[in-house]
Each structure stands twice: as structure tokens, then as C-alpha cells.
Novice: 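I have a structure I would like to understand better, so I am pasting it below and will then ask my questions one at a time.
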Amino acid sequence: MYYAQVNQQTHHPSRTMIVIGYGQVMATPSSVQLQIEVQTQGNHVQGPQQENAAIMNEVMQSLIALGIPREQIQTASYTITPLYNFEDGKQIFNGYEVVNAISVNVSDTNDLGLIIDTAVENGANRITNIQFKMDHTDAYYQQALSLALQNAQLKAKTIAETIHLPLQPLPVEIVEEQANTPILYRSMAVSSGITPIEQGQIAIDATVRVKFQY
């Protein structure tokens, strides 16, 4: 009886490793947004309301005089709140508080300290929600993404060389993780004298999950 010779090849199952790559690029903010508030109080609502309107008008005119376009100044909120004190467990009416808040967008971040001081000198008594922003982040994100891929490749290579794996250099799968909005938030209280504001830099991050075969 004749039997044909059958060549048998050993099958090596495909093996993979997954690494996470991180990339970060630092960028100088290109614009800033801040909230300027005027708070007034009085026993009758008309008094603090009228006082608040007069002060806020002075604040806005002073900002426009600095060269800030009127369209970059918007009302953020306007509230009238009754005030109460508690004495011997009883609620006692103590007048009204009026708060008028405007949002100001500034393209030149170097003028931020001058803007704050000018607003305070003209009656503003609260500065909040300073937000440094990047107007065009895509180019910086692409750089961060490239660094993230390089980081993932380096990690995979290090793992393979450490435990002597025959790593395939080209990844079989790349997944871009969701990126966070690169915004730096700051908040401050009003102080006397020149107001120093350090804008710092904004970190733009990218993350990828990469699968390699070995």
C-alpha cells in the first residue's frame, strides 16, 4: 500500500502586545477670556440697581478706551438677590444685592494686568474665571500625536528587546484616544497695585493605543 508523504509545518499562533503612547506639546496662549463683576448692595432694590448700572457703564467705557472692541464685551449674567441674616433662629431681611457680570475677550494676553487694574479703578470689585485659550490648536495637536506614536513604538521596542521578542516593526492597529480640550483656567481675587498675571503655557496632549505583532 502506498502512502503519500505529507509535509507538516509547525503553526505559530499570532501574538500581539498593546502599548499606550503619550505625546505633549507646550504652547503659549493666543487669547484670554475673563469675567468682570460689579456687586452693589442696598436696602431698596432701586438704589443698588442704579448704582450698579452707573459703575458698570464706567467700567465698560474704560475698557473700550483701552482699545477693546465693544463686540468683545458681553453680558455674562445679571442677578438681583434678597439678602437675609439669621438672628436667634429668625430670618431677617437685610436688603438686596445686585451683581452684573461681563465677559471680556482679549487677543493680547500681555494687556491682561492693565485691563484688570483699569476695571478695578473704575468700580469693578470682582474678577473671576480667567481662561487662557489657544485659537488654533490643530497644528499643535498633530505634533503631539506624532510624539505619541513615537512613544508607543519606543515602548514596544523596549519590551521586545528586554525579553527577546521578534517584534514586527509595523503596528497592526492604531487607535487614537479622545483628546481633551487644551484650556488652562485661572481665578483670582482683586488686589491693590499692579496686578501681575502669569499666563504660562498650555499643554496639548495626545494619546494612542497601538497593537504590535511578534
Novice: Begin with the C-alpha distance, continue with both residues' side-chain angles, and end with the deciding distance and a verdict on side chain to side chain contact (heavy atoms under 4.5 Å, CB included) for Ile64 and Ile73.
Specialist: CA-CA 9 Å; Ile64 293 172; Ile73 304 173; 4.1 Å; yes
Novice: Evaluate the side chain to side chain contact (heavy atoms under 4.5 Å, CB included) criterion for residues Leu112 and Ile130: first the C-alpha distance (whole Å), next the side-chain angles of each, then the deciding distance (0.1 Å), finally the verdict.
Specialist: CA-CA 10 Å; Leu112 185 56; Ile130 298 178; 4.0 Å; yes
Novice: Taking all heavy atoms of Thr40 and all of Pro48, pick out the closest pair and write down the distance.
Specialist: OG1-O, 2.8 Å
Novice: Any side-chain donor paired with an acceptor under 3.5 Å for Gln150 and Ser146?
Specialist: yes
Novice: In Å and rounded to the nearest 0.5 Å, what is the CD to NE2 distance from Gln50 to His44?
Specialist: 12.5 Å
Novice: Looking only at non-hydrogen atoms, find the nearest pair between Asn122 and Thr118 and report the distance.
Specialist: ND2-O, 2.8 Å
Novice: Would you check if Leu167 and Met17 make a side-chain contact, meaning some heavy-atom pair closer than 4.5 Å?
Specialist: yes
Novice: Can you name the closest pair of heavy atoms from Pro82 and Tyr96 and give their distance?
Specialist: CA-CD2, 3.8 Å
Novice: Kindly work out whether a path of hydrophobic side-chain contacts (I/L/V/M/F/W/Y, heavy atoms less than 4.5 Å apart) joins Leu147 to Ile202.
Specialist: yes
Novice: Within a strict 4.5 Å, meaning less than it, do heavy atoms of the Gln24 and Met26 side chains meet?
Specialist: yes
Novice: Do you know the tightest heavy-atom contact between Asn151 and Ile20?
Specialist: OD1-O, 3.8 Å
Novice: Cluster question for you: counting only ILVMFWY and a side-chain heavy-atom cut-off of under 4.5 Å, with indirect links fine, are Leu114 and Val106 together?
Specialist: yes
Novice: Heavy-atom count check: over 12 atoms from other residues, nucleotides or ligands less than 6.0 Å from Tyr141 OH?
Specialist: yes
Novice: Side chain to side chain contact (heavy atoms under 4.5 Å, CB included), that's the test. Do Lys155 and Tyr22 meet it? Break it down for me.
Specialist: CA-CA 10 Å; Lys155 285 183 176 180; Tyr22 300 97; 3.8 Å; yes
Novice: How long is the gap from CD1 on Ile115 to CD1 on Ile68, to the nearest 0.5 Å?
Specialist: 3.5 Å
Novice: According to a hydrophobic-cluster definition based on side-chain heavy atoms being under 4.5 Å apart (Ile, Leu, Val, Met, Phe, Trp, Tyr only), do Val19 and Val175 belong together?
Specialist: no
Novice: Examine Leu34 and Val99 and state if one hydrophobic cluster contains both, with Ile, Leu, Val, Met, Phe, Trp and Tyr joined whenever side-chain heavy atoms are less than 4.5 Å apart.
Specialist: no
Novice: Evaluate the side-chain proximity of Gln49 to Ile80: yes if any heavy-atom separation is below 4.5 Å, no if none is.
Specialist: yes
Novice: Which value, rounded to the nearest 0.5 Å, describes the distance between Ile127 atom CD1 and Asp117 atom CG?
Specialist: 9.0 Å
Novice: Once rounded to the nearest 0.5 Å, what's the spacing between atom OG of Ser77 and atom CD1 of Ile102?
Specialist: 10.5 Å
Novice: Could you walk me through whether Ile36 and Val59 pass the side chain to side chain contact (heavy atoms under 4.5 Å, CB included) test, one step at a time?
Specialist: CA-CA 9 Å; Ile36 299 174; Val59 171; 4.2 Å; yes
Novice: Which distance, rounded to the nearest 0.5 Å, do you find between the CG of Asn129 and the CD of Gln33?
Specialist: 8.5 Å
Novice: Should Tyr214 and Phe212 be counted in the same cluster of Ile, Leu, Val, Met, Phe, Trp and Tyr side chains packed under 4.5 Å apart?
Specialist: yes
Novice: Do the side chains of Val98 and Tyr78 get nearer than 4.5 Å, heavy atoms only?
Specialist: yes
Novice: If you look at every heavy atom in Gln153 and Pro169, which pair is closest and at what distance?
Specialist: NE2-O, 4.4 Å
Novice: Can you see which heavy atom on Ala152 is nearest to which on Val208, and at what distance?
Specialist: CB-CG2, 4.4 Å
Novice: Enter the distance from Gln39:CD to Glu97:CD here, rounded to the nearest 0.5 Å.
Specialist: 5.0 Å
